[in-house]
Structure formats: C-alpha cells, structure tokens
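Worksheet: the structure to be examined is printed underneath.
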There are 2 protein chains.
Amino acid sequence: MTDQKRYAPIIGKLRDAGLRPTRQRIALAELMFRGEDRHISAEMLHNEATAARVSVSLATVYNTLHQFTQAGLLREIAVEAGRSYFDTNTSDHHHFYFENDGHLEDVASNDVVVSSLPTPPGGAKISRVDVVIRVRED
Amino acid sequence: MTDQKRYAPIIGKLRDAGLRPTRQRIALAELMFRGEDRHISAEMLHNEATAARVSVSLATVYNTLHQFTQAGLLREIAVEAGRSYFDTNTSDHHHFYFENDGHLEDVASNDVVVSSLPTPPGGAKISRVDVVIRVRED
DNA sequence: CAACGGATTAGAATCGTTCTAATTTTGGAA
DNA sequence: TTCCAAAATTAGAACGATTCTAATCCGTTG
C-alpha cells in the first residue's frame, strides 16, 4: 500500500479544511487519530512525536492543534487554567475530570442528560454546552 | 460606625477560616463582596484595588484569592486556558461563557437541569459538576 | 520546473501565575 | 504595654504554557 492510499482519509480532511497535507500534519494526525479517542495536550503530543522519531517543532504542534480544532477535527477542552487539552472525539459528549492527577475521561454519551437549557441573554446563540464532572479518588 | 463594626461580618469569616483579618484581606473582600455576584480574575481585582487606592501586591491578590477559595468564600472557574476566574457566588449554579469577549454570567439556578448523572469510574467521588454554556453574540 | 504563497522552524517574547527570601504586621503572652 | 513567634506581605525573580517573529523551506499551480 502506498502512502498516498494509506493516508488518503486524513489527507482528504486536511484538503477540505484548506490545509496542505504536509509531512508534519500527516504524522501528527496519525499519532492522534489511530486507536481510541484521546485527550491530549500540546506537550504530550510533541513528546509522542519525538518518541516516534517524527521531527516536528513545538510551534508546529501548537499550530496544528489549533488548525485541526478550527477544522472540526479536534475539540478544545478547558478544565484547568494553564493547560489546554484537545479531544479527538468531536461528537457531543461530556467528561470526567480527575482532580488528583488531572486526566480526563469521556462520559458515556447518554449518561448525562441536560434537560431544560436556558435562553442566553441578549440574543446570544448557544455554540456548545460543556459538562465537566469533577471527581476525586481517595 | 467604627471599622470594627463595619467589617465585622467579613472579619468573622476570615477568623473562621483561620485567616488573620489583615488590611489587605479586608480591603479585597470589601471590593469583591460588596454589590452583586461577580466573576473576577486576579488582574481585574488588582486593578480595582489600585483604582480604589488600596495598596496590595499582585502576589497578595493571588494568595488571597486562593485562600478565600479554600475557605469556601470563592469558587474557581476554568473556562479558558491561561486565565482563572473566581466567582463570588459559591452556591450551586452554572454559567454562560461569552466567547466574543470572554466574560461570564450566572445562569438562573433552576434554568439548567442535569438529570441522570453517571457513576464515576473506579469508585471516584463526584466533587462538583460544572456546566458551561458557551454562547456567541453576532 | 519556476515561483508564489503557505508551512515550518528556532528562538525570543509574552502571559498568567508561583516562588523566594527579606521585611513587616499581627496576636498572644508576660 | 512590651515582646516575640508566627503569619502575612512584598518586590522581583523564576516558571510553564503558549504565541510571536522573521528566516527558511516546501507544495501547488501554471
């Protein structure tokens, strides 16, 4: 199988988003989207790339995470000030946040039900509803 | 009215938390808790103190916000990576987050109903559930 | 295959926050 | 009151995450 074909799905998504399928973006996409859904920080991804002998600068990791987020391939999650996480699962779902070690886990999508949402003030439009269940393990 | 009496309620709360009622803590508490509920960052509070001719260092503002949070007088909110907000309303409620300008507003407490919460994995205990309704004004 | 513009990069810069070590203030004991 | 130990404050340095800069590189299109 050629690389052309092997990476065809992600290359298509990049093109759709107006992003050139560069060596770095393809490698980072491979690392993030293979296997199951993940919650990853810039530093974590950069370390993984290094471990996989993919040479990418930290600046490019940041650029790529933001571009993928804008393209709808990732979703940014804010649970603690000072560090951003990116979720490879962009479908509508919520999170457990483990206060002890700061890691995130998905909540099975039907296990949280938000009934009755308020109307935003001043004619604002809801763009997303985030539910974070903060938990502690003792 | 003497200052003793004027500041009696906040002084009592500080003492309950094992915090000495210093000039700085009393002044910051005055600024934060007078008027209605607020969502304030360290920098905002420091600017307000300066504007009110209260001399407090930024380090003390940070210390005070964290101590008040631990004492249950404030609640920390994480909505955007890189900046912490502190909510003077510690009762159970949720927030609108205005993506345009980054400000927060309370949701009337009964306007969001989270029915059916999941059981956390691994015997973890829920410490809090945060709902953030992200909105955009166009 | 030339060349235009987008992408990557190292390193500097910036931002919010925390730390450090010295000084000041507080509250209680004598 | 005065004194002391502990707590609190402070300026400034340090820090970690992120963004910026401006030079170089590489993809795409013609």
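- Note on A:Glu48 versus A:Arg38: salt bridge recorded, some NZ/NE/NH1/NH2 to OD/OE distance being below 4.0 Å.
- Taking the six-membered ring for Trp and thresholds of 30 and 60 degrees, B:Phe86 and B:His66 have ring planes more than 60 degrees apart, a perpendicular arrangement.
- Regarding contacts with the backbone of C:dT8, a side-chain N or O of A:Thr22 is found under 4.0 angstrom from either OP1 or OP2.
- Dashed line: the shortest gap from a side-chain N or O of B:Gln67 to OP1 or OP2 of D:dA8 is not under 4.0 Å.
- The pair B:Arg75-B:Asp92 does not meet the salt-bridge criterion, since no charged nitrogen lies less than 4.0 angstrom from a carboxylate oxygen.
- Across C:dT9, D:dT10, D:dA8, the shortest atom-to-atom separation from the side chain of B:Ser57 is found for D:dT10.
- Of the side-chain N and O atoms in A:Arg23, none sit less than 4.0 angstrom from OP1 or OP2 of C:dT8.
- Remark: A:Arg15 is in phosphate contact with D:dT28, judged by side-chain N or O atoms under 4.0 Å from OP1 or OP2.
- When the side-chain nitrogen and oxygen atoms of B:His66 are compared with OP1 and OP2 of C:dT17, none of them lie within a distance under 4.0 Å.
- For D:dC26, the OP1/OP2 oxygens have no side-chain nitrogen or oxygen of A:Arg20 closer than 4.0 Å.
- Here the P atom of nucleotide D:dT18 and the CD atom of A:Glu76 are 8 Å apart, to the nearest Å.
- Around CD of B:Glu137, the count of heavy atoms belonging to other residues, nucleotides or ligands within 6.0 Å exceeds 12.
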